[in-house]
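Letters A, B, ... mirror the listed sequences (proteins, then strands); counts begin at 1. Owing to the predicted nature of the structure, the values given are computational and were not obtained by experimental measurement.
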Amino acid sequence: MTDLHRLSHLDQLESEAIYILREVAAQFERPALLFSGGKDSICLVHLALKAFRPGKFPFPLVHIDTGHNFDEALKFRDNLAERTGEKLIVRYVQDSIDQGKAVEEKGKFPSRNAIQAVTLLDTIAEFKFDACIGGARRDEEKARAKERIFSVRDEFGSWDPKLQRPELWNIYNGKIHVGENVRVFPISNWTELDVWEYIRKEKIELPSLYFSHQREIVWREDLVFPVSKFISLDNTDKVETRTVRFRTVGDMTCTAAVESEANSIDDIIREIQISRTTERGSRLDDKRSEAAMEDRKKGGYF
Amino acid sequence: MDILRFITAGSVDDGKSTLIGRLLYDSKSIFQDQLEAIEKAGQVNGQINLALLTDGLKAEREQGITIDIAYKYFSTPKRKFIIADAPGHVQYTRNMVTGASNSDLAIILIDARKGVIEQTYRHSYIVSLLRIPYVVVCINKMDLVDFSEEVFLNIQKQYLEFAKDLDLKSIHFLPISALNGDNVVDLSTSMPWWKGKSLLGFLEGIEIHTEEESPAPRFPVQNVIRPQTTEHHDYRGYAGQIRSGHFTVGDSITVLPSGLKSKIKAIDTYAGSINTAYAPMSVAIRLEDEIDVSRGDMLVVTGQEPTTSQDLEAHICWMDQKAMTPGSKYLLRQTTNAVKASIRSLEYRVETSTHEKKEQASLGLNEIGKVTIRTAKPVAYDPYSKIRGTGSFVLVDEGTNQTVAAGMLL
């Protein structure tokens, strides 16, 4: 074969992700695609269109709503479900709190990030999901760098990094016992830059949060935090208006913005190329300890 | 831009994690916040501990060893790189096989003070067995042998001597110091006798050959797409990823193992129909005739059929605590196919450090041997040496659901 028959890195990554999505469809009875409204899960939906159209998705989109989401992300989520005609299931962390299953954190920076796992596990049990597709990438965090593409979780949703199945070639083993589930990460091998370049190439729409806009912020541990009804301000906090954008979108209580004038995909790609901090550097939830992510994953977080 | 996937292998303390850390650090692929985090964790010999970049698990950081593979990513203007950082301990051989199965290249590290050791033989054997196209032998810790060219050449000679018996196509040698960064990204000023490239220069420059480019067209069917809507009432697309070669509209097709025949009517992607598709594209193929095709079947171009048989011969690497004894039954997964299989015989076990073939009754964890297998239904396959994508398989224990073996068909 000649060099003409060589896929670019983005085409290779895309083909691998489509293959993984189709394996999920074939190997599981009741899969779900965990959708957060962030750029990675938006890419997953786009990849699912490529994997299954003109058919319907063989799984619903599932959003675990912490109640602390950005309005823009929720609106985008609902529009996307309508546009694709795919089924959207939403479950609320607030319900878990009301039922006494999850306890809200106290302190200066309370976050619902960790208790999201409670609602997720309940949702998995409610619908008997046997596979949950997520948009996590191995370049995000060092514990994730260790995780398989098909990551088996026990009946408590727990990940045991020492007992991972060998994963060979592109043969994925999705066999599980009743009560267990598999978390599947089709874009494991993508980096943040790959995701943005893919968004540019495929002209994928994103929530406006990713592009620069003016917003009221406060400084927290050198990070720019959006002012919202979910964070408590005291007299040490000074509210300012800055031109910012979000590099990663999670809860308003744990996602920091970056000061940026980037308002096109090209600008964003240029910005990431010269950035000296990781995407997760703006997530307070990861800064809590050396093993914050590993510990959350052992607790059923995805 | 393309992707080079490589694995690093070497014994414990040969400096694999340090080498990867150095590659990332000197190619400026480490972010400020990651650097601050490892700086906080302390220093080794007055330098930051680059190994902490890859040892992502608590237990690894506590013990200072690598337990499981970490995947790391970096790119230069020329290429995107995916590194599988595999553990060196003998007890994690299965993890090395896991990392090697998707690699185009293997870096084998040798401690310049120790030369070729048992682990070097073992890792090289696995690299040969898995047919990784390129091997780069990095002779590390050159700073501890006064950057001696003689030491380097002696180890090179020693390695080539034992590699004669292996099926390694392309072997390159490099003298480096991962700790100081000599010849990793930048050429070393301490080894003026070295006229070759730096490791990164080499990784950027090599041309990637993969078996996927082998011309025999192979298309294992993953799913059947049947929307059954008014708009697509009669649509029936066979979804899958092309494992090798290419397919063009109008090609005569044989479906295996059934042997039914048809022609390609269309090749569909989400962006529209295309005339030709090649490996490793994921597409949906439609055929002219309504014939029985389902997941696990393989579409091939008529006249270029692979072997179809219920009796298979293979090398396997055993990956389970519970030893394999002939007569045991497993689920064999090859391409998108899953079929019950029983191991008929264990012909021999290979002593990976000497390549000797030994007769024994069973195959234990991390051992490699040659077996014969009988499957419940015919399996269409190519020898692993010809097409990795159709010649590889895993065995699954149906009691525990664990993946217990990696197999390469002969």
Side-chain donor or acceptor of B:Ser101 paired with backbone N/O of A:Trp169 under 3.5 Å: yes

pair B:Gln241-A:Asn170: side-chain heavy atoms closer than 4.5 Å: yes

Distance (rounded to the nearest 0.5 Å) between A:Leu7 CG and B:Met281 CE: 6.5 Å

Contacting moiety of B:Glu398, where chain A heavy atoms sit under 4.5 Å: side chain

N-O pairing of B:Glu231 and A:Arg53 below 4.0 Å: no

Atom pair CG (A:Leu49) and OH (B:Tyr270), whose distance is rounded to the nearest 0.5 Å: 4.0 Å

Pairwise side-chain contact, A:Arg22 with B:Thr336, heavy-atom cut-off 4.5 Å (strictly under): no

Contact leader toward chain B among A:Lys50, A:Glu180, A:Arg138, A:Glu14, where contacts are heavy-atom pairs under 4.5 Å: A:Arg138

Within-4.5 Å side-chain heavy-atom neighbours: B:Ile3 and A:Leu13: yes

Side-chain donor/acceptor of B:Asn223 to backbone N/O of A:Ala25, under 3.5 Å: no

Pairwise side-chain contact, B:Leu331 with A:Lys175, heavy-atom cut-off 4.5 Å (strictly under): yes

Top contributor to chain B interface from A:Leu193, A:Ile176, A:Val152, A:Asp11 [non-hydrogen pairs under 4.5 Å]: A:Ile176

Pair B:Tyr71, A:Asn189: side-chain N/O donor-acceptor within cut-off below 3.5 Å: no

Heavy-atom proximity to chain A below 4.5 Å, by part of B:Met319: side chain

A:His177 vs B:Asn401 side-chain heavy atoms within contact, under 4.5 Å: yes

Toward chain A, the part of B:Val404 with a non-hydrogen atom under 4.5 Å: neither

Lys/Arg N to Asp/Glu carboxylate O, B:Arg295 vs A:Glu23, below 4.0 Å: yes

Nearest heavy-atom neighbours spanning A:Arg148 and B:Asn95: NH2-OD1, 3.9 Å

Side-chain (A:Ser15) to main-chain (B:Ser282) donor-acceptor, under 3.5 angstrom: yes

Contacting region of A:Glu16 [heavy-atom separation from chain B under 4.5 Å]: both

Interatomic spacing from CZ in B:Phe393 to CG in A:Leu168 - rounded to 0.5 Å: 11.0 Å

CD (A:Glu155) with more than 12 external heavy atoms under 6.0 Å: no

Region of A:Ala51 that comes under 4.5 Å of a non-hydrogen atom in chain B: backbone

From A:Lys56 atom NZ to B:Ile225 atom CD1, the distance as rounded to the nearest 0.5 Å: 14.0 Å

Donor-acceptor contact present, side-chain B:Asp2 to main-chain A:His9, <3.5 Å: no

B:Arg5, part contacting chain A, at a heavy-atom distance under 4.5 Å: side chain

Atom NZ of B:Lys78 with >12 non-hydrogen neighbours under 6.0 angstrom: no

Toward chain A, the part of B:Thr400 with a non-hydrogen atom under 4.5 Å: backbone

Heavy-atom closest pair, residues B:Gln402 and A:Arg165: OE1-CG, 3.5 Å

Derivation of the side-chain contact (heavy atoms from CB on, under 4.5 Å) call for A:Asp194 and B:Lys80: CA-CA 10 Å; A:Asp194 294 329; B:Lys80 175 184 163 92; 2.3 Å; yes

Chain A contact via B:Thr269 - which portion, at a heavy-atom distance below 4.5 Å: neither

